[in-house]
2 protein chains.
Amino acid sequence: MKFSKATNYALHTMVYLVQQEANKSIGVQQIAETFSVSPTYLSKILTKLVKAGIIESASGANGGYRLRRKREEISFLEVIHAIEGVNSLFTGCLNNNDQCAIQRVMFEAEGQMEHYLKEKKLIDVSVHSEMKI
Amino acid sequence: MKFSKATNYALHTMVYLVQQEANKSIGVQQIAETFSVSPTYLSKILTKLVKAGIIESASGANGGYRLRRKREEISFLEVIHAIEGVNSLFTGCLNNNDQCAIQRVMFEAEGQMEHYLKEKKLIDVSVHSEMKI
DNA sequence: GCGTGATTACTCGGATACAAGATGTCCGAGTTTGAGCGG
DNA sequence: CCGCTCAAACTCGGACATCTTGTATCCGAGTAATCACGC
């Protein structure tokens, strides 16, 4: 039970994109250099974010990735869900009871964490956060 | 990022043990049959719980496992930490900044979940829970 | 009846096998921009 | 000056390769209770 590196890459990339000038596409090469990770692997991660509708890609020269929605709206939870999936962290119950009390506790615990991550926006940790004052 | 099956087994076993008569040792065979899992694998999981000081084992005939502490005291978090480890779910930061804002957010989120799991005791989901009224 | 040894029913730990998922690479295909060139 | 072509700079997607981790099994060793047997 650990967050994957992919999630780490995705979060850093998203914060990076949030800090960029609006509507400006950033190439995957540039992002990969910034964080010293493999461009090809990073592009796979970004593809997931595109499919989740968080960012969009532009093909061709001067292409790259940019935010699809307002930068203030994007939460940590969205990014994490896009990479890790939205399924529950705790799967299956051993007793055939469909109202497993253990499962309910784990769901609730997970909900506590997700609630926090849903309220926390990317811009809260970006250098643009001062603009909110 | 998922809780392992081992955690699932451990939690079910612990709730099962909490429901047993005090100071009575239960064989791993019996527990494994109850949940239809492999006895040998289950014994490895229980070894971790023993090392964590949550339960204790008795060798020989009529041996088995029993709680080491008061049943009311044992929290979900203890069991999970014994199996999954106590390390943070989110590791490493890409920018060499040691005060990585993203990491701080993730730590806090994790803390939200752990707080809930720490307060939640095994007995809260056991059939003995009515005794608390 | 009583000690002693054998048997039985357990746990413990290491070694190993297997499967799945995370991580990372390679390459061909499609797409857009922009430069170069000819009319 | 205009339009065409071509090259360059990108992303996209699938197919792999590799590594780690979770899951599971097997087996020998140790340990404690109980049973059997002989005195």
Side-chain angles (χ1 to χ4, degrees), chain A residues 1-13 17 23-33 35-68 80 82-85 87 89-92 94, chain B residues 1-13 17 23-33 35-68 80 82-85 87 89-92 94:
Chain A
M1 160 89 165
K2 284 221 171 293
F3 284 104
S4 65
K5 280 190 184 180
T7 298
N8 196 3
Y9 296 167
L11 285 172
H12 276 86
T13 299
L17 287 179
N23 291 331
K24 183 181 167 198
S25 284
I26 310 291
V28 73
Q29 321 274 358
Q30 185 180 339
I31 304 172
E33 275 177 26
F35 299 119
S36 305
V37 301
S38 149
T40 44
Y41 185 46
L42 186 59
S43 96
K44 292 216 171 302
I45 296 168
L46 295 187
T47 299
K48 286 189 181 181
L49 295 176
V50 170
K51 287 193 174 149
I54 299 176
I55 60 179
E56 60 191 358
S57 69
S59 294
N62 294 333
Y65 296 91
R66 62 166 174 263
L67 298 186
R68 189 181 175 84
I80 293 170
I83 304 298
E84 306 268 350
N87 290 332
L89 305 183
F90 191 79
T91 57
L94 298 177
Chain B
M1 159 88 164
K2 284 220 172 294
F3 284 104
S4 65
K5 280 190 185 182
T7 298
N8 197 2
Y9 296 169
L11 285 173
H12 276 86
T13 299
L17 287 179
N23 290 331
K24 183 181 165 195
S25 284
I26 310 291
V28 73
Q29 321 276 356
Q30 184 181 339
I31 304 172
E33 276 177 25
F35 299 119
S36 306
V37 300
S38 148
T40 45
Y41 184 47
L42 186 59
S43 96
K44 292 220 171 301
I45 297 168
L46 295 187
T47 299
K48 286 189 181 179
L49 296 176
V50 170
K51 287 192 174 148
I54 300 176
I55 59 178
E56 60 190 358
S57 69
S59 295
N62 294 333
Y65 296 90
R66 62 166 174 264
L67 299 185
R68 189 181 176 86
I80 293 170
I83 305 298
E84 306 267 351
N87 291 331
L89 305 183
F90 191 80
T91 57
L94 298 177

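Note that these values count all heavy atoms, side chains included, but never hydrogens, waters or copies made by symmetry. Bear in mind the structure is a predicted one, so any value in this text is a computation, not a measurement.
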Asker: In chain order, what residues pass the side chain to side chain contact (heavy atoms under 4.5 Å, CB included) check against A/Ala52, with sequence neighbours excluded?
Answerer: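 Testing A/Ala52 for side chain to side chain contact (heavy atoms under 4.5 Å, CB included), a comparison that skips the adjacent residues, returns A/Ile54, A/Ala82.
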
Asker: Which is it for B/Lys2 and A/Thr91 under the side-chain contact (heavy atoms from CB on, under 4.5 Å) test, yes or no, and what are the steps along the way?
Answerer: CA-CA 8 Å; B/Lys2 284 220 172 294; A/Thr91 57; 4.1 Å; yes

Asker: For B/Val37, which of B/Asn8, B/Leu42, B/Ile31 qualifies under side chain to side chain contact (heavy atoms under 4.5 Å, CB included)?
Answerer: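 Going through the options one by one, the only one that passes is B/Leu42.
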
Asker: Quickly work out the A/Leu46 CG to C/dT23 C1' distance and round it to whole Å.
Answerer: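 About 15 Å, once rounded to whole Å.
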
Asker: Rounded to the nearest angstrom, tell me the gap between atom OH in B/Tyr65 and atom C1' in C/dA9.
Answerer: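 Spelled out: OH on B/Tyr65 to C1' on C/dA9 is 14 Å.
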
Asker: From NZ of A/Lys48 over to P of D/dG13, roughly how many Å is that when rounded to an integer?
Answerer: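 Atom-to-atom, A/Lys48 to D/dG13, this comes out as 13 Å.
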
Asker: Heavy atoms under 4.0 Å is the rule here; annotate nucleotides 21-34 of chain D 5' to 3' with B where the base is hit, S where only the sugar-phosphate is, and - elsewhere.
Answerer: --SBB-----BBSS

Asker: How many whole angstroms separate atom CD of B/Gln29 from atom C1' of C/dT11?
Answerer: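 For the pair B/Gln29 CD and C/dT11 C1', the rounded distance is 10 Å.
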
Asker: Under a 4.5 Å cut-off applied to non-hydrogen side-chain atoms, are A/Ile55 and A/Arg66 in contact?
Answerer: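 With C-beta onward as the side chain, the pair stays apart.
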
Asker: Give the rounded distance in Å between these two atoms: NZ of B/Lys2 and P of C/dA19.
Answerer: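 Going from B/Lys2 (NZ) to C/dA19 (P), I get 22 Å.
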
Asker: Between B/Glu56 (CD) and C/dT11 (P), how many Å, whole number?
Answerer: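 In whole Å, C/dT11 P and B/Glu56 CD are 14 Å from each other.
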
Asker: Starting at CG of B/Leu49 and ending at P of C/dT11, how long is that distance when rounded to a whole Å?
Answerer: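 That distance rounds to 14 Å.
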
Asker: Find the distance between NZ (B/Lys48) and OG1 (B/Thr7) and round it off to the nearest 0.5 Å.
Answerer: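 Rounded to the nearest 0.5 Å, the NZ-OG1 separation comes out at 8.0 Å.
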
Asker: How close or far is atom P of C/dC10 from atom NZ of B/Lys24, stated in whole angstroms?
Answerer: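 The distance from NZ of B/Lys24 to P of C/dC10 comes to 13 Å, rounded to the nearest Å.
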
Asker: Return the set of residues passing side chain to side chain contact (heavy atoms under 4.5 Å, CB included) with A/Ser38 (not counting sequence neighbours), or none when no residue passes.
Answerer: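 For A/Ser38, the residues satisfying side chain to side chain contact (heavy atoms under 4.5 Å, CB included) (neighbours in sequence not counted) are A/Thr40, A/Tyr41.
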
Asker: When you match A/Gly63 and A/Thr47 each to their closest nucleotide on DNA chain D, which lands nearer the 5' end?
Answerer: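 Here A/Gly63 is the residue nearer the 5' end.
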
